[in-house]
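Reminder, nothing fancy here: chain letters follow the sequence lines and each chain counts from 1. Since the structure is predicted, the reported quantities are computational estimates derived from the model, not experimental observations.
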Number of protein chains: 2
Amino acid sequence: MKNHRNEHTRERILDEAEALFALKGYHAVSVREITGAAQCNLAAVNYHFGNKQKLYLEVYRQRWLPRAERVHQSFQDSLKSEQAPSAGTVVQSLARAFLEGPLSDEERNRHLRLVVGELSQPTEAFDQVIERVFRPLLGSLISDLRAAMPADMDQEQAVLNAFSIMAMVLYFNLARPVIKAVLGATDGSDLQTRLIDHLVEFSLNGIAGGKWETGK
Amino acid sequence: MKNHRNEHTRERILDEAEALFALKGYHAVSVREITGAAQCNLAAVNYHFGNKQKLYLEVYRQRWLPRAERVHQSFQDSLKSEQAPSAGTVVQSLARAFLEGPLSDEERNRHLRLVVGELSQPTEAFDQVIERVFRPLLGSLISDLRAAMPADMDQEQAVLNAFSIMAMVLYFNLARPVIKAVLGATDGSDLQTRLIDHLVEFSLNGIAGGKWETGK
DNA sequence: GTCTATAGCAGGATAGAC
DNA sequence: GTCTATCCTGCTATAGAC
């Protein structure tokens, strides 16, 4: 009975499993590695979750989903304070919710890597990700965007705009090392902030097509 | 000696390995699966490539790299025909090189999935991908963009613009199923073309910041 | 709920015949 | 170059003591 650690074994397993799955992907991580990191016994995974696959699904259900909802909430909260948010505000709120919102750097990295994993190699968690998170988030984003520029943006345009923004959010996180490498030693200062600024300006102009002013 | 198939075993293994690695990722594919698909013996992988890891690297060297160079070439060729290409032409050439250029749909899907794999879970192939393909391509793109709008775009801006375009190219391929799901049964017609149009317009506006005209 | 011990198996790799 | 046969490691999963 080595278990005098503050957190319960089950929770520690979820934490370590999430970190490892995000870092290496499902198949590259062994149950031994997870239980080793969680400092518990090999058998604990089967006891608490049944098997490795079910552990993975629980990571999504109990760690990833709530966090995704926090991000969505943060996005909506920062919009609720305004009555008729401009497109600029909408895009900025979204970018901030993802890139500097309620998540720590480490959490955000885990979170986005996991979703990229599901996008590129879908498992049983895929449907959850799409239906319970992606679709609602895109729904919010699209309706907010359309409200901000009611004139001549049809549904498909709005969807594609939303996807383009998500593309940058995901990619700027995933390719951070590459971006750093290419930009060279120029950084040191807050690359993160400059990325957000760029993302907001780029996508705002992308959406607006030069037709609306950013109010910048 | 079952080998009366047109292609040499070594080549068939490379083909099938690439398809499987792209589809499922390195760790999710077994050597048995590869040799099964290539209709050859299990031992053939070790005979021809040494081990699984070296096979994976050969897939990059002998299949992925040349294809990446074809795409880059296609991008540059379509620009060479013009003397002072506008930013719109540059972006459109890039998008077309990737999304409807020299690659078939299947090839393109493989190609982009493999690179996303390396981005999200780097292996020994990562450096090759960055140094021999990514950096040169970004270099071309950046210098073309800066030539097209010499006024006030600094190096970092150009880099971030280039990354934003690449983000959309990669993501629009990866998330194609999601996009289809969200857009619903609206498609049928050529989604591909509409995606390219959107990508070009979005990123052109994103780059130009409303300051340049697209000439559209 | 946590542990030890082990069953049972799949995967990578090799030796050696052809 | 290709095949068969086999080794052996490392994995998931389970049974059962505590």
Nucleotide by nucleotide, 5' to 3', does protein get under 4.0 Å of the base (B), only the sugar-phosphate (S), or neither (-) in nucleotides 12-18 of chain C, counting heavy atoms?
BBB----
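Put simply, B:His27 has no side-chain N or O that comes within less than 4.0 Å of OP1 or OP2 on C:dG11. The phosphate of C:dT2 has OP1 or OP2 within less than 4.0 Å of a side-chain N or O from A:Thr9.
Straight-line distance from the CZ atom of A:Phe49 to the P atom of C:dT2: 11 Å, rounded to whole Å. In this structure, the NE2 atom of B:His48 is 6 Å from the C1' atom of D:dG1, given to the nearest Å. As rounded to whole Å, 18 Å separates atom P of C:dA10 from atom CD1 of B:Ile34.
For the helix from C:dG1-D:dC18 to C:dC18-D:dG1, the rotation axes defined at the first and last 5 base pairs enclose an angle of 0°, given to the nearest 10°.
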Identify every side-chain donor-acceptor pair in residues 68-75 of chain B under 3.5 Å, counting partners at least two apart or on other chains, and give the distances.
| from | atom 1 | to | atom 2 | distance (Å) |
| --- | --- | --- | --- | --- |
| B:Arg70 | NH2 | B:Glu107 | OE2 | 2.9 |
| B:His72 | NE2 | B:Ser140 | OG | 2.8 |
| B:Gln73 | NE2 | B:Asp77 | OD1 | 3.3 |

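Not counting sequence neighbours, A:His48 has no partner by the ring-ring contact (aromatic ring centres under 6.0 Å, His included) test. With sequence neighbours left out, A:Tyr26 forms a ring-ring contact (aromatic ring centres under 6.0 Å, His included) with A:Phe21, A:Tyr56. In terms of the side chain to side chain contact (heavy atoms under 4.5 Å, CB included) criterion, residue partners of A:Glu58 (sequence neighbours excluded) are, by chain and number, A:Arg10, A:Leu14, A:Phe49, A:Arg61, A:Gln62.
Among pairs with a residue in residues 103-135 of chain A, those fulfilling ring-ring contact (aromatic ring centres under 6.0 Å, His included) read A:Trp64-A:His111, at least two apart in sequence or across chains. Applying the salt bridge (charged side-chain N to carboxylate O under 4.0 Å, His left out) test to residues at least two apart or on different chains, none of the pairs has a partner in residues 39-50 of chain A. Applying the salt bridge (charged side-chain N to carboxylate O under 4.0 Å, His left out) test to pairs two or more places apart or on separate chains, none has a residue in residues 115-129 of chain B.
Proximity of A:Phe202 to B:Ile207: side-chain heavy atoms (C-beta onward) are separated by under 4.5 Å at one or more points.
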